[in-house]
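A short write-up of the structure that comes next.
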Amino acid sequence: MVSTHLWRVIRTASLVGAALGLPLAASAAEPVRRNVVLIMADDLNNDLGCYGFAAVQSPQLDRLARRSVRFDRAYCQYPVCNPSRASLLSGRRPESTGILDNVTPARSKLPDAIFLPQYFRQQGYRTIKVGKISHTGDAFEDGPSWEIDVRETREAKNPPPEQILRELPGQGIVLNADDAKTWDGFVARRGVELLDEAVAGERPFLLAIGFRRPHTPYIAPRNYFALYPPEQITFLDEPAGHLDKIPPLALTYRQGAKRLDAATRPLATSAYRASLSFIDAQIALILDALDRHDLWQNTVVVFASDHGYHLGEHGGLWHKMTLFEKAARVPLLVAAPGVDGGKASTGLVELVDLYPTLVELAGLPAAPDLEGQSFAPLLAQPDRAWKQGAFTVV
């Protein structure tokens with residue numbers, strides 16, 4: 001395999017030789033095609049240690065952040081699972097996909113689009129998926145995209161009854177089970193197994209690992225709930241008259257959606273954070289595998305969520321489906337070979353930008369018909385001037 005540095009030297013020498021009228025080598029070197037590992041959470045906001053939120057324990061994502069550029073102003077295109085994931089995978093905005101709800105399969109609107117993993121597969125990559133990357137259900141999955149497809153089952157939201165220790169107000173479910181016996185524990189472990197197999201092969205690979213948590217129900221083994229006693233959880237005070245200044249259209253509970261009441265809020269927040277710390281612990285297995293195989297030198301690693309999440313802000317907002325920062329903003333960490341980690345960028349980026357960015361970082365030809373913009377330059381220079389707008393719709 002030719003190193004990235006050596007490829008740059010070869011390419012520079014070839015260009016100089018051509019300019020001087022010298023013959024090019026008969027067998028020109030090909031650029032290195034990097035692997036990609038994409039890790040996705042479901043319904044995760046930016047309340048993480050690496051984003052300065054000390055109340056949450058996320059040591060493994062903090063560990064990844066030390067190798068990554070952390071994007072502080074990253075936004076989804078639509079703060080609901082299916083539209084957001086369809087936009088990310090197609091590289092097109094919701095206005096173009098026509099997918100604005102959780103019941104419309106992406107292929108029903110985009111039969112001929114080349115999705116992100118499908119493009120990598122066409123370029124010779126081995127494409128592997130474990131868990132939730134598209135929306136849930138066979139109608140939402142995409143056969144042309146994946147060479148190996150380990151799909152989410154109903155157990156992701158319905159743990160075995162014998163594991164359930166108790167159910168809490170606010171949709172928390174406490175398990176009496178080892179991590180490995182849970183759905184998200186399985187996703188991490190199966191993902192590592194497939195990573196081990198991919199490394200042993202001769203082809204570059206794209207591995208996508210999609211966790212269900214911290215999406216409701218907030219499921220985690222009991223030791224994670226012990227990290228967040230509800231009586232110790234505090235919230236920021238909202239200014240007097242705050243709600244009077246918000247248009248009614250912006251508040252979902254005024255349109256009939258569930259409202260998170262003050263009594264349930266600490267319990268729901270405790271359970272949400274428990275499930276967050278639970279998947280953080282599973283991510284340790286993936287990072288350990290990347291270390292074990294020394295993959296950081298030839299692999300792009302991305303962590304992201306499909307959108308943010310409300311836990312009682314603005315008078316009781318719960319879940320998503322708003323244009324407030326808590327729902328529209330997402331965590332985004334990107335580690336890549338040759339990129340200095342532990343840095344932050346305030347450049348505006350969007351999930352629709354991820355497709356062209358990964359294509360560029362992997363060393364592939366630009367994919368057609370994409371509406372996002374590669375933010376690869378921000379990895380080299382996180383503080384450089386960048387685009388002036390990000391667009392989230394609902």
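All residue numbers in this chain count up from 1 along the given sequence. All values reported here derive from a predicted model rather than from experimental measurement.
Between Phe120 and Tyr125, the ring-plane angle classifies as perpendicular under the 30° and 60° cut-offs.
In this structure, Asp294 contributes its side chain and Gln297 its backbone to no donor-acceptor pair below 3.5 Å. Although no hydrogens or angles enter the test, the distance criterion places a donor-acceptor pair under 3.5 Å between the side chain of Ser108 and the main chain of Pro105. Proximity of a side-chain donor or acceptor of Thr127 to a complementary backbone N or O of Glu147 within less than 3.5 Å is detected. The closest donor-acceptor contact from the side chain of Arg259 to the backbone of Gly315 lies under 3.5 Å. A distance-only check finds no donor-acceptor pair linking the side chain of Asn35 to the backbone of Pro204 [under 3.5 Å]. Asp353 places no side-chain N or O within 3.5 Å of a backbone atom of Val349 that could act as its donor or acceptor partner. Here the side chain of Arg121 pairs a donor or acceptor atom with the backbone of Trp146 at under 3.5 angstrom. Judged by distance alone, the side chain of Thr216 and the main-chain N or O of Tyr218 form no donor-acceptor pair under 3.5 Å. Within the 3.5 Å criterion, the main-chain N or O of Trp386 finds a donor-acceptor partner in the side chain of Gln388. Remark: the backbone N or O of Phe211 is not paired with any side-chain donor or acceptor of Asp42 at under 3.5 angstrom.
Here the options are Tyr272, Tyr224, Tyr228, the test is side-chain hydrogen bond (donor to acceptor under 3.5 Å, both in side chains), and the partner is Ser277; only Tyr228 passes.
Summarising the geometry of Ser374 relative to Thr357, their closest heavy-atom pair is CA-OG1, 3.3 Å, with the distance given to 0.1 Å. Scanning all heavy atoms of the two residues, the minimum distance from Val103 to Asn82 falls at N-ND2, 4.3 Å. The minimum heavy-atom distance between Lys343 and Asp340, with the atom names listed, is NZ-OD2, 3.6 Å. Among all heavy-atom pairs drawn from Leu267 and Pro230, the shortest one is CD2-CG, 3.7 Å. Closest heavy-atom contact between Asn45 and Asp47: OD1-N, 3.0 Å. Residues Leu378 and Gly347 approach most closely at CD1-CA, 4.3 Å, considering heavy atoms.
The salt bridge (Lys or Arg N to Asp or Glu O under 4.0 Å) check on Arg70 picks up Asp72, with sequence neighbours excluded. Here Val339 pairs with Val69, Ala336, Leu379 under the side-chain contact (heavy atoms from CB on, under 4.5 Å) rule; sequence neighbours left out. Partners of Ser96 under the side-chain hydrogen bond (donor to acceptor under 3.5 Å, both in side chains) rule, at least two apart in sequence or in another chain, are Glu371. In this view, Phe186 and Trp183 satisfy the ring pair (Phe, Tyr, Trp, His ring centres under 6.0 Å) rule, not counting sequence neighbours. Qualifying ring pair (Phe, Tyr, Trp, His ring centres under 6.0 Å) partners for His135, counting only residues two or more places apart in sequence or in other chains: Phe140. Shown here are the salt bridge (Lys or Arg N to Asp or Glu O under 4.0 Å) partners of Arg93, two or more places apart in sequence or in another chain: Glu350. Glu141 is linked by a salt bridge (Lys or Arg N to Asp or Glu O under 4.0 Å) to Lys129, counting only residues two or more places apart in sequence or in another chain. With sequence neighbours left out, Val130 forms a side-chain contact (heavy atoms from CB on, under 4.5 Å) with Val150, Val187, Arg190, Leu194.
No side-chain heavy atom of Thr97 sits less than 4.5 Å from a side-chain heavy atom of Lys109. A heavy-atom distance below 4.5 Å is found between the side chains of Gln282 and Arg189. When side chains are defined from C-beta on, Phe303 counts as touching Leu44, because their heavy atoms get closer than 4.5 Å. Two residues are said to be in side-chain contact when any heavy atoms from C-beta on lie closer than 4.5 Å; Ser68 and Val301 fail this criterion. Between Phe115 and Ile133, every side-chain heavy-atom pair lies at or beyond the 4.5 Å cut-off. With contacts defined as side-chain heavy-atom distances shorter than 4.5 Å, the pair Arg265/Phe235 qualifies. By the 4.5 Å heavy-atom criterion applied to side chains, Thr182 and Pro221 are counted as neighbours. Between Thr392 and Pro79 the shortest side-chain heavy-atom distance falls below 4.5 Å.
Annotation: Leu249, atom CG; neighbour count of heavy atoms from other residues, nucleotides and ligands within 6.0 Å does not exceed 12. In Tyr253, the OH atom is crowded: over 12 heavy atoms of neighbouring residues, nucleotides or ligands sit closer than 6.0 Å.
Distance check: Leu243 CG to Glu238 CD gives 6.5 Å after rounding to the nearest 0.5 Å. The line from CG of Leu358 to CG of Leu354 is 4.5 Å long, rounded to the nearest 0.5 Å. Note that the OH atom of Tyr119 and the OH atom of Tyr355 stand 7.0 Å from one another [nearest 0.5 Å]. To the nearest 0.5 angstrom, Thr322 atom OG1 is 2.5 Å from His310 atom NE2. The line from OH of Tyr78 to CD1 of Ile99 is 11.5 Å long, rounded to the nearest 0.5 Å. Atom-to-atom distance recorded for Arg33:CZ and Leu364:CG is 5.0 Å, nearest 0.5 angstrom.
Under the 4.5 Å side-chain heavy-atom criterion for Ile, Leu, Val, Met, Phe, Trp and Tyr, Val302 and Leu295 are members of distinct hydrophobic clusters. Note on Ile39: it clusters hydrophobically with Val56, by side-chain heavy-atom contacts below 4.5 Å among ILVMFWY residues. Note on Phe278: it clusters hydrophobically with Leu48, by side-chain heavy-atom contacts below 4.5 Å among ILVMFWY residues. One hydrophobic cluster holds both Leu333 and Tyr309 under the rule that ILVMFWY side chains link at heavy-atom gaps under 4.5 Å. At a threshold of 4.5 Å between side-chain heavy atoms, the hydrophobic network of Ile, Leu, Val, Met, Phe, Trp and Tyr places Val199 and Leu206 in two separate groups.
The closest side-chain donor-acceptor pair between Asp196 and His293 falls under 3.5 angstrom.
Ile164 belongs to a hydrophobic cluster whose other members, connected by ILVMFWY side-chain contacts under 4.5 Å either directly or through intermediates, are Ile173, Leu175, Ile219. Residue Tyr75 belongs to a hydrophobic cluster whose other members are Leu348, with links defined by side-chain heavy atoms closer than 4.5 Å.
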- Task: Take Gln123 and Val359 through the test side chain to side chain contact (heavy atoms under 4.5 Å, CB included) and record every step on the way to the result.
- Result: CA-CA 10 Å; Gln123 297 296 317; Val359 166; over 6 Å; no
- Task: Please lay out, stage by stage, how Thr252 and Trp318 fare under the test side chain to side chain contact (heavy atoms under 4.5 Å, CB included).
- Result: CA-CA 9 Å; Thr252 58; Trp318 193 18; over 6 Å; no
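Screening residues 157-184 for salt bridge (charged side-chain N to carboxylate O under 4.0 Å, His left out) gives Asp184-Arg213 as the qualifying pairs, with residues at least two apart or on separate chains. Annotation: salt bridge (charged side-chain N to carboxylate O under 4.0 Å, His left out) contacts involving residues 266-288, sequence neighbours excluded, comprise Arg63-Asp288.
Lys320 has no carboxylate O lying under 4.0 Å from a charged side-chain N of Asp306, or vice versa, which leaves the two without a salt bridge. In summary, Lys132 and Glu152 do not engage in a salt bridge, as defined by a charged side-chain N under 4.0 Å from a carboxylate O.
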